[in-house]
J.: 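First the structure, then my questions, so here it is.
Computed from heavy atoms alone, side chains included, the values below leave out hydrogens, waters and symmetry copies. It should be emphasised that the depicted structure is a prediction, and the values quoted were computed from it without experimental measurement.
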Amino acid sequence: MLLYIDPGTGSMLFAILIGIIGALNYLLKDWIVKLRFILSGGKKVETNTDKIPYVIFSDDKRYWTVFEPVCREFDRRGIDIVYMTASPDDPALKTDLEHVKGEFIGEGNKAFARLNFLNARIVLSTTPGLDVYQWKRSKNVDCYVHMLHCANEIAGYHMFGIDYYDALLLSGEYQVRDTRYLEELRGLPEKEKVKIGIPYMDEMVKRLASGGESIPHERTVLLAPSWGKSAILMKYGEQIINLLLETGYHIIIRPHPQSFASEKELMDKLMSKYPNSEQLEWNRDNDNFEVLKRSDILISDFSGVIFDFSLVYDKPVIYADTEFDKGPYDAWWLKTPYWTFTALPRIGQKLTQDNLSSLKEMIDSCIDDPKYANGRREVRSETWEHEGEGAVRAVDYLTEKYRSITNAHIKTKKKTADKT
C-alpha cells in the first residue's frame, strides 16, 4: 500500500532530515578541525580554505539564457565561477567559457541537499523560495543574490519568494518600491537593491541586430501563455485554439514549461486533439529567440514573455483577461497597482470572453495599427533601465560585493588574532 504525503508535510520532513544531516555534518567538521589542531601542534587551523568565490545556481536549463551574459562577462574578466545546475542537459555543462565550471548537482531535493551545505562567498540565482521550502540558507554562504529572469514584477513570485535573499538585481524603480514595502510590512532587514537592467534582453537585442531582416512569411500568431488556473490554456483551452485556426494564419503554441509538469493532463489532451500540422505547431525550444522573431503578434496573459516580445522585438501583443488571482503571490500584499496590469493596456489589446469571437479582427488591428508604439517606449523606460549594460553592471556589483565581504573577513580574522 502506497502512502501519500502532501507537499507541505514532505517539505517539513525534508527540512527535518536536512537538519539532522546538518547537525551530523557540523559534528564531523568539528572533529576534523580538532584533529587537525592536535596534529598541527596546537596551531590555529584555517577551516575555510575551500570556499568557492562565486556560485551561480540554476534550477532549470531554460535559465541558461538568463545567466549566459553574466557568465560571459565573468569569463571576459578572467574570473572563475562555478555554475551549479539541477538539469543534467543544461547548456552550461558544455559551455566553451574557460572560467565557467558547469556542475550538475542532481535534480529536486538532491540539488537542494547539496546547496544547503554549500561553502561559498556569493550565490547568484533566479530561483525564488530561499529558506522557505527545501532550499535552506547555508551557514557557510556569505551572501545570496537574486536576479530576475523576466522584465516584470518582483512581487510576482509566490509569497515570501525573495524575502531571505541578501541582495536583489533589479531593472526598474517600481521593483525597488515594491520590495521596500514588503520589507517594511514584514519587518525584514533591508536588502541591497541594485538596478542593473536586464542582461538577457540586452543579448536578444544584439542577436536581433546581427540577424538581419526577417524572412518573408505568412502571418504568424504565437500563443505563449503562463501556467496555472488563471492562465489562457486553463481558462479558454480548446475554444481559443479553434478560433486561432479559423483565422487561417500560421499558429504556434508555446506553453510554459511548467505546464508539462503541473498541467500534464491538459497538455496531453490538447496536443492529442491538435497535433502538429502545416498550420499549427507546438514549440518547446529551450531558447525562445527564433520563435519570437518569426511571429508577428503574441497572445499571452501575465507571462513575462509579453515584455520580451514587445520591448525587444517591438511588436504588438494581445493579452488575455484571465482574472489573475493575486492570492498566492507577494502582489497580494501591495497597496500599489500590479505594475504588469498598468503596462499591458499601453502595449496591446485586451482579450475577454466577450470579444473572443472577434479574435481575427483584433489580430489584424494590432498588427496594422501603430498606436501602441508610444506605449512600448513608455513601458520599456520603466522596466528596462540601463539598457545594454546589464551583464557589466551585474558583474561590477558581484565583484565589488566579493571584495567587501573578503575585506571584512580579513579584518575580523585580524582582530581575533590580535586578541589571542
Side-chain angles (χ1 to χ4, degrees), residues 62 150 152 214-310 313 315-325 340-341 344-345 347-369 372:
R62 67 180 180 271
C150 55
N152 55 11
S214 297
I215 299 173
H217 58 274
E218 61 181 306
R219 183 157 284 185
T220 300
V221 181
L222 172 62
L223 177 64
S226 188
W227 66 280
K229 65 179 182 179
S230 298
I232 287 178
L233 288 178
M234 185 63 76
K235 183 171 183 178
Y236 296 113
E238 297 179 17
Q239 184 181 14
I240 194 169
I241 297 177
N242 288 332
L243 288 168
L244 286 171
L245 292 173
E246 288 174 8
T247 65
Y249 299 143
H250 186 72
I251 308 301
I252 304 173
I253 305 177
R254 180 182 168 84
H256 191 284
Q258 189 62 36
S259 292
F260 293 98
S262 300
E263 301 162 345
K264 186 178 184 304
E265 184 177 346
L266 175 64
M267 290 300 100
D268 289 345
K269 177 184 176 182
L270 293 177
M271 293 182 75
S272 175
K273 184 168 183 177
Y274 303 95
N276 283 306
S277 64
E278 289 187 6
Q279 186 186 4
L280 182 146
E281 62 175 288
W282 292 84
N283 181 274
R284 297 185 67 177
D285 294 345
N286 187 51
D287 183 356
N288 66 8
F289 180 83
E290 289 298 334
V291 72
L292 295 181
K293 182 178 179 181
R294 60 191 178 94
S295 300
D296 298 302
I297 189 168
L298 168 71
I299 301 175
S300 190
D301 35 51
F302 46 88
S303 171
V305 74
I306 284 180
F307 298 107
D308 293 355
F309 189 81
S310 179
Y313 296 84
K315 296 177 182 179
V317 301
I318 293 175
Y319 62 96
D321 174 19
T322 55
E323 299 178 0
F324 178 64
D325 177 14
T340 293
F341 296 147
L344 291 177
I347 62 176
Q349 289 194 41
K350 185 176 184 177
L351 181 68
T352 69
Q353 190 68 55
D354 291 336
N355 65 17
L356 189 59
S357 60
S358 303
L359 184 55
K360 184 180 187 301
E361 289 75 15
M362 292 179 65
I363 291 171
D364 294 340
S365 174
C366 281
I367 292 176
D368 298 331
D369 192 336
Y372 294 108

J.: Minimum heavy-atom separation for Trp282 to Pro255, with atom names?
T.: CZ3-CG, 3.7 Å
J.: If you round to the nearest 0.5 Å, how far is SG of Cys366 from CG of Leu351?
T.: 10.0 Å
J.: Going from CG on Leu233 to OG on Ser226, what distance comes out if it is rounded to the nearest 0.5 angstrom?
T.: 10.0 Å
J.: Say you draw a straight line from CD1 of Ile240 to CG of Leu245; how long is it, rounded to the nearest 0.5 Å?
T.: 11.0 Å
J.: Is any side-chain heavy atom of Lys269 less than 4.5 Å from a side-chain heavy atom of Glu238?
T.: yes
J.: Please test Met271 against Phe260 for side chain to side chain contact (heavy atoms under 4.5 Å, CB included), starting from the C-alpha separation and ending with a verdict.
T.: CA-CA 11 Å; Met271 293 182 75; Phe260 293 98; 3.6 Å; yes
J.: Can you give me the closest heavy-atom contact between Asn152 and Cys150, atom names plus distance?
T.: OD1-SG, 2.9 Å
J.: To check you understand the geometry: which heavy-atom pair defines the closest contact between Ser259 and Trp227, and what is its length?
T.: OG-CB, 3.3 Å
J.: Calculate, to the nearest 0.5 Å, the distance between atoms NZ and NZ belonging to Lys293 and Lys315 respectively.
T.: 9.0 Å
J.: So, taking the atom named OG1 in Thr247 and the one named CG in Asn242, what distance separates them when rounded to the nearest 0.5 Å?
T.: 11.5 Å
J.: Quick one: does any side-chain atom of Gln349 pair with a main-chain N or O of Val317 as donor and acceptor, under 3.5 Å?
T.: no
J.: Rounded at 0.5 Å granularity, tell me how far CD in Glu281 sits from OG1 in Thr220.
T.: 8.0 Å
J.: Do Asn288 and Phe309 have side chains that approach each other closer than 4.5 Å (heavy atoms only, starting at C-beta)?
T.: no
J.: Main chain of Val291, side chain of Ser295: is a donor-acceptor contact present, judged purely on distance under 3.5 Å?
T.: yes
J.: Take Arg254 and Asp285 through the salt bridge (Lys or Arg N to Asp or Glu O under 4.0 Å) test and state the conclusion after the steps.
T.: CA-CA 9 Å; Arg254 180 182 168 84; Asp285 294 345; 5.3 Å; no
J.: Side chains of Asp301 and Tyr236: donor-acceptor distance under 3.5 Å anywhere?
T.: no
J.: Does the side chain to side chain contact (heavy atoms under 4.5 Å, CB included) test come out yes or no for Leu222 and Asn283, once each step is laid out?
T.: CA-CA 10 Å; Leu222 172 62; Asn283 181 274; 5.8 Å; no
J.: Specify the closest pair of heavy atoms between Arg294 and His217, including all atoms of both residues, with the distance to one decimal.
T.: O-NE2, 3.3 Å
J.: Would Asn355 and Glu361 satisfy side chain to side chain contact (heavy atoms under 4.5 Å, CB included), going step by step from the backbone distance to the final call?
T.: CA-CA 10 Å; Asn355 65 17; Glu361 289 75 15; over 6 Å; no
J.: Do the non-hydrogen side-chain atoms of Tyr319 and Ile347 ever get within less than 4.5 Å of each other?
T.: no
J.: Does His250 use its side chain to pair, donor to acceptor, with the backbone of Glu278 at less than 3.5 Å?
T.: yes
J.: Quick one: does Lys350's side chain get under 4.5 Å of Leu344's, heavy atoms only?
T.: no
J.: Check Leu243 against Leu359 and note the closest heavy-atom contact, atom names and distance.
T.: CB-CD2, 4.2 Å
J.: Answer yes or no: does atom CD of Glu218 have more than 12 heavy-atom neighbours from other residues, nucleotides or ligands under 6.0 Å?
T.: yes
J.: Looking only at non-hydrogen atoms, find the nearest pair between Tyr274 and Leu280 and report the distance.
T.: O-CD2, 3.6 Å
J.: Using the side chain to side chain contact (heavy atoms under 4.5 Å, CB included) rule, take Leu244 and Ile299 through it: C-alpha gap first, then chi angles, then the decisive distance, then the call.
T.: CA-CA 10 Å; Leu244 286 171; Ile299 301 175; 3.7 Å; yes
